Amino acid sequence: MEPVKSTYIAITDYNFRSSRGTPVTDERDAVQKALAAHGISFQTYEVSSVTLGGKELKGEPENFSPRRWVGIDRVYTRDEVIQSMKDDMARERDSFMKGAIKSVIGEYEKMPADSMHITGLERQGEFITIGKDEKVFDRQGQQVWPPAPPATVQVIKPLKKIQLKPGP
């Protein structure tokens, strides 16, 4: 018997706990299920299975996708993150905290200028770097990052006009 591959979703919640085992048909379905479960991110993965003697035998999860962040309405450039932290530092009164913020700014300044980030999900004012091949989807399930390619439009040519002659 040939194994059958099925796709599932591993959803990460706000407490960074992961749940697995929900089948999905494609990425759009996975995004909707992650949003419905109030997840913050997910990965899809495949499981091969065969049925022998009426029993389904499943293999180990494999082919995990890069992380997909959900419910995020905006992405930030590295420079926007740095500016946000500079604004926080200007409002901060505690010299220890100012030093800590300055240190974090220094780390962001080392990052590539084209790096992209989302707001921190644990504490306000923190940022998470979007990893290579990761995607970000908003609260409606629309892809925010990377920008989705424009929808292709199929041009339909009008048919040649024909003239019918009246019958007998």
Side-chain angles (χ1 to χ4, degrees), residues 1-82 84-85 103-104 107-160:
M1 302 208 113
E2 286 295 313
V4 174
K5 283 195 177 197
S6 299
T7 304
Y8 294 88
I9 184 174
I11 301 172
T12 302
D13 68 14
Y14 277 97
N15 294 313
F16 287 90
R17 290 182 302 226
S18 182
S19 63
R20 292 186 182 178
T22 303
V24 293
T25 55
D26 56 21
E27 187 173 69
R28 179 174 291 282
D29 183 35
V31 168
Q32 293 306 315
K33 287 180 177 170
L35 286 168
H38 305 289
I40 59 169
S41 68
F42 71 88
Q43 289 179 281
T44 57
Y45 61 94
E46 294 177 327
V47 174
S48 297
S49 64
V50 293
T51 303
L52 296 171
K55 288 188 175 186
E56 183 181 38
L57 305 172
K58 290 185 175 185
E60 293 296 317
E62 59 186 2
N63 301 325
F64 281 82
S65 71
R67 185 176 309 277
R68 305 302 189 229
W69 298 96
V70 294
I72 307 293
D73 293 324
R74 181 166 184 238
V75 294
Y76 298 83
T77 65
R78 180 202 68 177
D79 293 340
E80 288 173 320
V81 171
I82 291 170
S84 172
M85 290 181 188
S103 174
V104 174
E107 291 303 311
Y108 272 89
E109 287 172 337
K110 295 176 189 175
M111 292 183 177
D114 63 350
S115 63
M116 299 302 288
H117 311 270
I118 58 174
T119 54
L121 302 169
E122 289 183 43
R123 290 185 290 273
Q124 191 68 11
E126 291 185 352
F127 292 88
I128 297 170
T129 302
I130 301 169
K132 183 181 182 320
D133 298 325
E134 291 183 349
K135 293 182 181 179
V136 178
F137 296 86
D138 67 16
R139 294 176 200 175
Q140 285 73 45
Q142 300 301 310
Q143 187 172 320
V144 177
W145 186 260
T152 57
V153 177
Q154 185 177 7
V155 177
I156 300 174
K157 295 181 181 178
L159 296 174
K160 183 178 173 183

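Quick caveat: nothing in here was measured; it's all calculated off a predicted structure.
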Apply salt bridge (Lys or Arg N to Asp or Glu O under 4.0 Å) to [X] and list each qualifying residue two or more places apart in sequence or on a separate chain.
X: E2; answer: none
X: D79; answer: none
X: K110; answer: E107
X: R28; answer: none

Could you give the side-chain donor-acceptor pairs of residues 48-59 under 3.5 Å, partners two or more places apart or in another chain?
unit_1: S49; atom_1: OG; unit_2: E56; atom_2: OE2; d: 3.2
unit_1: K58; atom_1: NZ; unit_2: Y8; atom_2: OH; d: 3.3

Can you list everything that forms a side chain to side chain donor-acceptor pair (under 3.5 Å) with [X]? Sequence neighbours excluded, please.
X: T44; value: S65
X: T129; value: H117
X: E46; value: N63
X: Q140; value: none

For K33, give me all partners under side-chain contact (heavy atoms from CB on, under 4.5 Å), at least two apart in sequence or on another chain.
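T22, V24, D29.
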### Message
For D133, give me all partners under side-chain contact (heavy atoms from CB on, under 4.5 Å), at least two apart in sequence or on another chain.
### Response
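D133: side-chain contact (heavy atoms from CB on, under 4.5 Å) contacts with P66.
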Where do [X] and [Y] come nearest, in terms of heavy atoms and distance?
X: Y108; Y: M85; answer: CE1-CE, 3.5 Å
X: P112; Y: R78; answer: O-CD, 3.7 Å
X: P61; Y: V47; answer: CA-CG2, 4.0 Å

- Considering only heavy atoms from C-beta outward, does the side chain of E109 approach that of I82 to under 4.5 Å?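 When only atoms from C-beta onward are counted, I82 and E109 do touch, with a gap below 4.5 Å.
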Report task. Could you label the plane-to-plane angle of the F64 and Y45 rings as parallel, tilted or perpendicular, counting under 30° as parallel and over 60° as perpendicular? Result ->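 Plane angle under 30°, so parallel.
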I need the [X] [atom1] to [Y] [atom2] distance, nearest 0.5 Å.
X: I9; Y: Q43; atom1: CD1; atom2: CD; result: 10.0 Å
X: T12; Y: F42; atom1: OG1; atom2: CZ; result: 10.5 Å
X: F137; Y: E27; atom1: CZ; atom2: CD; result: 4.0 Å

Quick one: does any side-chain atom of D13 pair with a main-chain N or O of N15 as donor and acceptor, under 3.5 Å?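 At least one qualifying donor-acceptor pair exists.
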Side-chain donor/acceptor of R67 to backbone N/O of S41, under 3.5 Å: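 Answer holds: no.
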Using a 3.5 Å cut-off and no angle test, enumerate the donor-acceptor pairs between side-chain atoms of residues 69-76 and protein atoms at least two apart in sequence or in another chain.
unit_1: W69; atom_1: NE1; unit_2: E134; atom_2: OE1; d: 3.1
unit_1: D73; atom_1: OD1; unit_2: R139; atom_2: N; d: 3.2
unit_1: D73; atom_1: OD2; unit_2: R139; atom_2: NE; d: 2.9
unit_1: R74; atom_1: NH2; unit_2: E80; atom_2: OE2; d: 2.8

